[in-house]
Amino acid sequence: MSEKRSIPKHVAIIMDGNGRWAKQRGKERHEGHIAGAEAVNAVVRGAAKAGVDYVTLYTFSTENWGRPEAEINAIMELFCYMVASRAEELAKEGVSVKIMGERTRFSEKVLSMIDQIESTTAEGKLLTLILAFNYSSRREMVFAAQELARRAVAGEIKVEDIDEQLFSDSLMTAGVPDPDLIIRTSGEYRLSNFLLWQASYSELYFPEVLWPDFSEEDFNRALDIYAGRERRFGLVTQDNVEK
Ligand code: FPP
């Protein structure tokens with residue numbers, strides 16, 4: 001009898017390669033992002049079918065505000081379009097969408113679309129889709145440190161109470177399990193300020209495929225690769241213990 005394939009509870013993805021995909025086709029960068037939005041749909045489908053509980057997508061980093069204005073506007077427009085066109089469907093499919101990041105610098109329209117997608121899909125129980133949007137892992141950790149310091153000064157906690165669990169609970173990912181698997185497409189091997197605390201024991205996978213070409217099949221391949229990995233969390237395997 002074949003053993004059951006181990007399925008990650010949480011898959012986090014750095015969707016890289018949209019610009020190169022567009023360049024290879026003589027298109028504008030924003031056309032790469034539009035094509036990338038299709039890959040988002042494929043991953044949501046694949047994750048829901050496989051029984052993954054959480055998918056986190058690195059949609060827009062805090063550093064991305066430094067990109068050309070036209071490209072930033074195109075990503076914001078695309079987000080608004082996805083909310084307008086997909087929110088109801090996602091809700092029906094049982095997908096709950098959460099936006100993770102600083103709620104600063106966004107236009108009123110984007111802020112209202114953030115509220116719209118979160119409220120429309122709030123009841124979803126099948127899969128939680130977290131969009132890291134204006135997100136920076138280092139800033140997230142600094143905010144957590146500030147919050148804990150404030151609470152200590154206010155006498156709500158003692159400095160000695162601050163441990164890994166309390167720190168985790170002060171991050172934007174509070175209540176979400178750490179990612180079991182992090183995928184970065186396009187053959188780049190970096191985490192780029194994404195979930196640095198949470199990635200401590202994540203399995204990493206770097207397929208060469210550019211994000212707009214990442215298909216449901218590619219997602220399933222990533223799950224197979226994950227299932228074949230041995231996770232030791234700093235321990236040793238039983239057959240490698242000194243007698
Ligand atoms: C990185 O590729 C991609 C981004 C910064 C944007 C990601 C956005 C999407 C996939 C579409 C929007 C999705 C949602 C959910 C609204 P890059 O531009 O850095 O590619 P390059 O390294 O080839 O230039």
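Counting starts at 1 for both ligands and their atoms, following the listed order.
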- So, Glu31 and Arg25, do they make that salt bridge, N to O below 4.0 Å? no
- Task: Do me a favour and list the nearest non-hydrogen protein atom to atom 3 (C) of ligand 1 with residue, atom name and distance?
- Result: Met15 O, 3.2 Å
- So between Leu78, Thr185, Val83, Val40, whose heavy atom ends up nearest atom 12 (C) of ligand 1? Leu78
- Note on the structure: Looking only at protein heavy atoms, what sits closest to atom 4 (C) of ligand 1 is His33 CE1, 3.8 Å
- Message: Quick test of your reading of the model: are Glu102 and Arg139 salt-bridged, counting only N-O distances below 4.0 Å?
- Response: yes
- Query: Does the distance from a Lys or Arg side-chain N to an Asp or Glu carboxylate O, for Lys92 and Glu89, drop under 4.0 Å?
  - Reply: no
- Can you say whether the rings of Phe79 and Phe133 are parallel (under 30°), tilted (30 to 60°) or perpendicular (over 60°)? tilted
- Query: Is there any N or O on Arg67 that sits under 3.5 Å from an N or O of ligand 1?
  - Reply: yes
- Item | Element-labelled atoms of ligand 1 that are located less than 4.0 Å from some non-hydrogen atom of Gly19 | 17 (P), 18 (O), 20 (O), 21 (P), 23 (O), 24 (O)
- All side chain to side chain donor-acceptor pair (under 3.5 Å) counterparts of Gln24, not counting sequence neighbours: none
- Item | Identity and distance of the protein heavy atom lying nearest atom 10 (C) of ligand 1 | Asn18 ND2, 3.4 Å
- Message: Assess whether a salt bridge exists between Arg221 and Asp218, defined as any Lys/Arg side-chain N lying under 4.0 Å from an Asp/Glu carboxylate O.
- Response: yes
- Query: Is Glu188 salt-bridged to Arg190, going by a charged N under 4.0 Å from an acidic O?
  - Reply: yes
- Pick one: which of Asp53, Thr56, Thr128 meets side-chain hydrogen bond (donor to acceptor under 3.5 Å, both in side chains) with His10? Thr56
- Under 4.0 Å from one or more heavy atoms of Asn64, ligand 1 contributes atoms 5 (C)
- Contact (N/O only, under 3.5 Å) between Ile75 and ligand 1: no
- Message: Distance check, rounded to the nearest 0.5 Å: Tyr54 atom OH versus Asp180 atom CG?
- Response: 11.5 Å
- Query: Which residue and non-hydrogen atom of the protein lie closest to atom 14 (C) of ligand 1, and at what distance in Å?
  - Reply: Met82 SD, 3.6 Å
- Query: Is the NZ or CZ atom of Arg67 positioned over Trp65's six-membered ring, under 6.0 angstrom from the centre and within 45° of the axis?
  - Reply: no
- Query: Is the closest N or O pair between Trp211 and ligand 1 shorter than 3.5 Å?
  - Reply: no
- Has ligand 1 got any nitrogen or oxygen that is less than 3.5 angstrom from a nitrogen or oxygen of Tyr58? no
- For Arg29, is at least one N or O under 3.5 Å away from an N or O on ligand 1? yes
- Item | Short N or O distance, Thr59 and ligand 1, threshold 3.5 Å exclusive | no
- Query: Going by heavy atoms, is Glu188 under 4.0 Å from ligand 1?
  - Reply: no
- Of Arg20, Arg184, Glu71, Lys23, the one whose closest heavy atom lies nearest atom 22 (O) of ligand 1 is Arg20
